[in-house]
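Below is one structure, written out as structure tokens, with a few remarks after it.
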Amino acid sequence: QLVESGGGLVRTGESLKLSCEASGRIARGNAMGWFRQAPGKEREFVVAVAWTGGITRYIDSVKGRFTVSRDNAKYAVYLQMNNLKPEDTATYHCAIGPLVQGVMTRRTTVYWGQGTQVTVVS
């Protein structure tokens with residue numbers, strides 16, 4: 001029900017744009033956002049956009065480099081990632097669910113995308 005695209009292999013400093021499209025049935029009224037999971041680490045929340053368009057906080061490590069956006073007409077969410085660093089290497093998962101105290105959590109996220117791999121090499 002979530003279709004992600006846009007991952008790939010890039011070099012430090014380059015950009016990628018991730019896309020996620022969902023069905024209206026699951027996206028309508030819910031926040032849409034992104035988590036990422038690096039090898040050997042827990043899945044972490046990156047950023048999300050509420051149905052109303054409000055944007056949550058970004059995790060500190062991506063502030064100023066990543067930009068989230070949402071198109072409710074397409075039930076889609078995007079993540080523009082600029083100035084990528086090797087530490088951004090992870091599987092990025094699209095997520096749909098409620099906001100809890102202003103963020104999405106792993107426990108309360110209802111729908112997950114299959115993940116798209118982002119690899120940044122120096």
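Val121 is linked by a side chain to side chain contact (heavy atoms under 4.5 Å, CB included) to Leu9, Arg11, Thr119, counting only residues two or more places apart in sequence or in another chain. Scanning for ring-ring contact (aromatic ring centres under 6.0 Å, His included) contacts around Tyr75 gives an empty result, with sequence neighbours left out. Contacts of Arg43 classified as salt bridge (Lys or Arg N to Asp or Glu O under 4.0 Å), with partners at least two apart in sequence or in another chain: none. With sequence neighbours excluded, no residue forms a ring-ring contact (aromatic ring centres under 6.0 Å, His included) with Tyr92. The salt bridge (Lys or Arg N to Asp or Glu O under 4.0 Å) check on Arg57 picks up nothing, with sequence neighbours excluded. Here Glu87 pairs with nothing under the salt bridge (Lys or Arg N to Asp or Glu O under 4.0 Å) rule; sequence neighbours left out. Residues passing the side-chain hydrogen bond (donor to acceptor under 3.5 Å, both in side chains) test with Asn30, sequence neighbours excluded: none. By the side-chain hydrogen bond (donor to acceptor under 3.5 Å, both in side chains) test, Asn72 is found to be paired with Arg70, residues two or more places apart in sequence or in another chain being considered. Contacts of Thr91 classified as side chain to side chain contact (heavy atoms under 4.5 Å, CB included), with partners at least two apart in sequence or in another chain: His93, Gln117. For Lys41, there are no salt bridge (Lys or Arg N to Asp or Glu O under 4.0 Å) partners two or more places apart in sequence or in a different chain.
Counting heavy atoms from C-beta outward, Val62 and Val47 have side chains that stay 4.5 Å or more apart. The shortest side-chain heavy-atom distance between Met81 and Ser15 does not fall under the 4.5 Å cut-off. Residues Leu2 and Ile26 meet the side-chain proximity criterion, which asks for heavy atoms closer than 4.5 Å. The shortest side-chain heavy-atom distance between Arg36 and Val46 falls under the 4.5 Å cut-off. Put simply, the side chain of Tyr58 reaches to within 4.5 Å of the side chain of Thr67, judged on heavy atoms.
Rounded to the nearest 0.5 angstrom, Glu21 CD and Gln1 CD are separated by 14.0 Å. Atom CZ of Arg65 is separated from atom CG of Asp88 by 4.0 Å, given to the nearest 0.5 angstrom. Atoms OG1 and CG, from Thr12 and Leu84 in turn, are 8.5 Å apart once rounded to the nearest 0.5 Å. One distance of note links CG of Leu16 with CD of Gln80; it measures 8.5 Å at 0.5 Å rounding. Atom CZ of residue Phe45 and atom OG1 of residue Thr109 lie 8.5 Å apart, to the nearest 0.5 angstrom.
In plain terms, the two heavy atoms of Val110 and Pro98 that are nearest each other are CG2-CD, 4.2 Å. In plain terms, the two heavy atoms of Gly113 and Glu4 that are nearest each other are CA-OE2, 3.4 Å. Ala27 and Met32 make their closest contact through CB-SD, 4.0 Å (heavy atoms, listed as atom of the first residue, atom of the second, distance). For Val68 against Ala48, the heavy-atom pair with the smallest separation is CG1-O, 4.4 Å. The heavy-atom pair separating Gly7 from Val118 by the smallest distance is CA-CG2, 4.2 Å. When every heavy atom of Met104 is checked against every heavy atom of Ile96, the shortest pair comes out as CE-C, 3.6 Å.
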Query raised in the report: What's the verdict on side-chain contact (heavy atoms from CB on, under 4.5 Å) for Phe66 and Asn82, showing C-alpha distance, side-chain angles and the deciding distance?
Result: CA-CA 6 Å; Phe66 289 14; Asn82 297 330; over 6 Å; no
**Report entry** Test log, rule side-chain contact (heavy atoms from CB on, under 4.5 Å), inputs Glu44 and Ile59
**Finding:** CA-CA 9 Å; Glu44 65 175 351; Ile59 56 170; 3.8 Å; yes
Query - CA sep, side-chain torsions, deciding dist, call: Thr56, Val49, side-chain contact (heavy atoms from CB on, under 4.5 Å) - result: CA-CA 6 Å; Thr56 68; Val49 187; over 6 Å; no
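The only option from Ser69, Cys94, Ser19 that meets the side chain to side chain contact (heavy atoms under 4.5 Å, CB included) definition with Val77 turns out to be Cys94.
Applying the salt bridge (charged side-chain N to carboxylate O under 4.0 Å, His left out) test to pairs two or more places apart or on separate chains, those with a residue in residues 93-111 are Glu42-Arg106. Residue pairs meeting the ring pair (Phe, Tyr, Trp, His ring centres under 6.0 Å) criterion with at least one member in residues 98-122, sequence neighbours excluded: Phe35-Trp112.
Side chain of Thr89 to backbone of Val120: a donor-acceptor contact under 3.5 angstrom is found.
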